[in-house]
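Beneath this line is the structure, given in structure tokens, with notes to follow.
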Amino acid sequence: MNTGLLKEISIRQPGQNEAMPYELLLDADPSIAAIEKYLETSEIYVAVLKGKVVAIVVLYPLDKDTFEIKNIAVEERFQGNGIGKLLLKTATQIAIDKGAKDIVIGTSNSGIGQLYLYQRNGFEITGIKRNFFLDNYPEPIFENGIQCKHMIMLRKKL
Ligand code: ACO
């Protein structure tokens with residue numbers, strides 16, 4: 001891990017006319033239709049390194065007490081430097097500041113690294129949306145050699 005790199009990261013909301021970093025968003029969620037739908041009503045934060053957006057986190061208001069992290073992604077060459085963890089902490093703090101009581105996140109059964117990261121940061125598995133990816137995504141998705149079939153839901157009390 002390059003801890004120096006983390007010190008150079010700043011986090012901000014995108015400007016009004018700023019293009020959305022779709023490549024990043026699609027890395028976390030292959031459905032452009034789903035992305036466009038939740039972006040409309042979400043809080044979006046980007047991580048910037050040397051003037052360039054390298055990561056994103058999208059916080060969707062699920063109900064009056066709960067935010068869902070719908071999308072979190074770090075540009076591949078900068079992964080493993082703590083940026084994902086920093087964005088999780090940022091999203092959690094924003095949810096607290098907005099008075100939420102819970103924050104939730106969903107990831108695939110094949111997202112081994114993601115399940116590790118989320119549980120290490122205080123999220124607990126609360127349920128499984130069985131066949132979510134089979135029912136909602138037209139193409140089969142594989143990660144870590146495992147077919148992405150079910151959505152594992154995790155929750156953190158704030
Ligand atoms: N495999 C194993 N461990 C991992 C992985 C992985 N794929 N990703 C992160 N970790 C671990 C790190 O080793 C580190 O552990 P430590 O705290 O014990 O040292 C910890 O998780 C934090 O890692 P970061 O460096 O902060 O994570 P990173 O900056 O790489 O961001 C992320 C993690 C966002 C999952 C990134 O790998 C990514 O963009 N992946 C592709 C898109 C994606 O899958 N997004 C999540 C989909 S689910 C959703 O969006 C709701």
Side-chain angles (χ1 to χ4, degrees), residues 1-11 14 20-50 52-62 66-95 100 102-137 139-156 158:
M1 184 189 298
N2 177 354
T3 46
L5 186 141
L6 208 51
K7 290 190 190 129
E8 290 183 62
I9 296 281
S10 58
I11 295 178
M20 275 297 137
Y22 277 103
E23 223 172 291
L24 277 175
L25 291 161
L26 285 163
D27 220 13
D29 182 348
S31 168
I32 189 82
I35 292 172
E36 286 188 332
K37 194 146 187 257
Y38 57 66
L39 282 186
E40 277 174 24
T41 48
S42 293
E43 303 269 338
I44 304 161
Y45 290 83
V46 291
V48 179
L49 177 69
K50 297 186 200 313
K52 194 178 165 294
V53 170
V54 296
I56 188 160
V57 64
V58 177
L59 261 182
Y60 174 80
L62 207 55
T66 317
F67 277 96
E68 177 172 353
I69 298 177
K70 283 281 193 187
N71 194 305
I72 179 166
V74 176
E75 195 179 310
E76 197 169 356
R77 66 193 162 125
F78 297 115
Q79 287 175 9
N81 288 296
I83 302 172
K85 202 166 162 178
L86 177 68
L87 283 180
L88 267 187
K89 284 194 174 146
T90 304
T92 303
Q93 191 55 52
I94 289 157
D102 293 280
I103 185 163
V104 301
I105 192 163
T107 193
S108 153
N109 59 286
S110 52
I112 306 301
Q114 293 87 327
L115 285 167
Y116 170 88
L117 172 63
Y118 305 153
Q119 290 179 90
R120 279 289 300 264
N121 285 277
F123 287 81
E124 280 191 30
I125 294 175
T126 51
I128 300 175
K129 292 183 183 171
R130 285 193 65 79
N131 297 328
F132 179 87
F133 293 97
L134 301 178
D135 294 343
N136 291 286
Y137 292 76
E139 302 292 331
I141 308 164
F142 283 83
E143 198 178 359
N144 301 308
I146 303 167
Q147 188 168 10
C148 172
K149 292 183 181 172
H150 318 296
M151 173 91 90
I152 313 289
M153 295 307 301
L154 302 99
R155 178 177 293 262
K156 180 175 176 167
L158 300 174

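Indexing begins at 1, ligand by ligand and atom by atom, following the structure's order. Remember, predicted model here, so these are calculated numbers, not experimental data.
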Inter-residue atom distance I35.CD1 - M20.CE, 0.5 Å rounding: 11.0 Å

The test is side chain to side chain contact (heavy atoms under 4.5 Å, CB included); show your working for Q147 and L134 and say whether it passes. CA-CA 10 Å; Q147 188 168 10; L134 301 178; 3.8 Å; yes

Going by atom type alone, with no hydrogens or angles, which donor-acceptor pairs under 3.5 Å involve a side-chain atom of residues 119-131 and a protein atom two or more places apart or on another chain?
from, atom 1, to, atom 2, distance (Å)
Q119, NE2, L115, O, 3.1
R120, NH1, Y116, OH, 2.6
N121, ND2, L117, O, 2.8
T126, OG1, M153, O, 3.3

Under the side chain to side chain contact (heavy atoms under 4.5 Å, CB included) test, residues paired with A91 that sit two or more places apart: V57, L59, I69, I103

Given a heavy-atom cut-off of 4.0 Å, could you list the residues near ligand 1 in chain and number order? D27, A28, I69, K70, N71, I72, A73, V74, Q79, G80, N81, G82, I83, G84, K85, I105, G106, T107, G113, Q114, Y116, L117, Y118, R120

Taking only residues at least two apart or on different chains, which pairs with a member in residues 81-93 satisfy side chain to side chain donor-acceptor pair (under 3.5 Å)? Q93-D97

For Q79 and V74, indicate whether the former's side chain and the latter's backbone hold a donor-acceptor pair under 3.5 Å. yes

